[in-house]
Every structure is written in C-alpha cells, then in structure tokens.
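Down below is the structure, laid out as structure tokens.
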Amino acid sequence: LVKGAIIAIDAAPFKQWYMQHYGEELGIKKGREAKLEVTKKSKGVEAKLAARREGHKIDPHLDEQFSTGRLYASIASRPGQCGRCDGYILEGKELEFYVR
C-alpha cells in the first residue's frame, strides 16, 4: 500500500450508515424490491429523515458499486508500520475514470 493507490473496500459499513442517516437502502438492483424491516419511528425522526432525503441524489456509478458490495477508494495518507491509512471514496469524474 502506497499513497495514491486505488483499492477496493467493503461497502457494508457505508450501506448501514446510509440506511441509518437517510432511511433508504442503497444498491438495490433494478427489478428487485428492498427488504426493509419495519421498525417504529417517532414523528420527529420521520420528519428528520424526510428532510435529509429532500433533494438528495446519489451518483449512478456509486449506486452500482454499492449493489456489487465493493467501493473504489484512494489512499490519501502514507501507511505506517501498522498498515493503517486514511483515504476517500471515489466519486464523480475520478470514479468514471477508474470504472472504465
């Protein structure tokens, strides 16, 4: 691992965060319906989730990656002896370049 390397990471933690933050599931393939567990939510929580969803749109390339379960990421720091590093998920023009 070196700084600037493009790697594939597991999408599960990001899917869980998105589900909790926006209240909708990511990476559902066309023709299939989401299997959502119905949980009781207060009116305040429902209003908050609806406000977050308003005007929010996800990139189709990124949604496609969530359906496969793998995300492309770039390493932004130099990994040390323990192998821990920081980075960011690719999106937009940069993701289009690496998907080709």
Side-chain angles (χ1 to χ4, degrees):
L1 292 174
V2 294
K3 182 177 179 178
I6 304 300
I7 57 173
I9 58 174
D10 185 29
F14 300 101
K15 276 180 143 178
Q16 289 173 351
W17 177 85
Y18 193 89
M19 177 63 183
Q20 190 174 26
H21 193 76
Y22 290 105
E24 53 188 37
E25 199 167 337
L26 271 179
I28 301 170
K29 294 181 182 178
K30 292 181 181 178
R32 293 187 181 180
E33 291 186 18
K35 296 178 184 176
L36 296 176
E37 297 176 14
V38 178
T39 57
K40 273 190 155 181
K41 294 179 184 165
S42 67
K43 291 180 183 178
V45 171
E46 288 291 337
K48 188 186 294 186
L49 291 176
R52 287 179 182 166
R53 274 185 249 146
E54 188 177 313
H56 185 264
K57 193 174 179 184
I58 196 128
D59 184 26
H61 290 293
L62 200 57
D63 195 37
E64 181 182 322
Q65 285 194 330
F66 274 109
S67 65
T68 63
R70 288 275 176 213
L71 297 174
Y72 285 132
S74 177
I75 297 177
S77 66
R78 291 173 48 192
Q81 291 287 329
C82 64
R84 184 182 183 279
C85 61
D86 297 324
Y88 57 92
I89 296 173
L90 299 181
E91 54 187 355
K93 295 282 185 187
E94 195 173 15
L95 177 60
E96 286 179 30
F97 177 78
Y98 287 107
V99 168
R100 277 191 252 150

Check your understanding: Heavy atoms, side chains only, cut-off 4.5 Å: are L95 and I89 in contact?
Key -> no
Check: residues 2-22 side-chain donor-acceptor pairs under 3.5 Å, at least two apart:
unit_1 : atom_1 : unit_2 : atom_2 : d
K15    : NZ     : F66    : O      : 3.4
Y18    : OH     : H56    : ND1    : 3.2
H21    : ND1    : R52    : NH1    : 3.3
Y22    : OH     : H56    : NE2    : 3.4

Check your understanding: Under 4.5 Å between side-chain heavy atoms, hopping through other hydrophobics if needed: is there a path connecting L26 to L49?
Key -> no
Exercise for review: Sequence neighbours left out, what pairs pass side chain to side chain donor-acceptor pair (under 3.5 Å) with at least one residue falling in residues 40-51?
Suggested key: none
Study note, to complete from the structure: Value for CZ (R78) from CG (L1), rounded to nearest 0.5 Å, stands at 13.5 Å
Study note, to complete from the structure: Residues pairing under side chain to side chain donor-acceptor pair (under 3.5 Å) where one sits in residues 58-71, two or more places apart or in two chains, turn out to be none
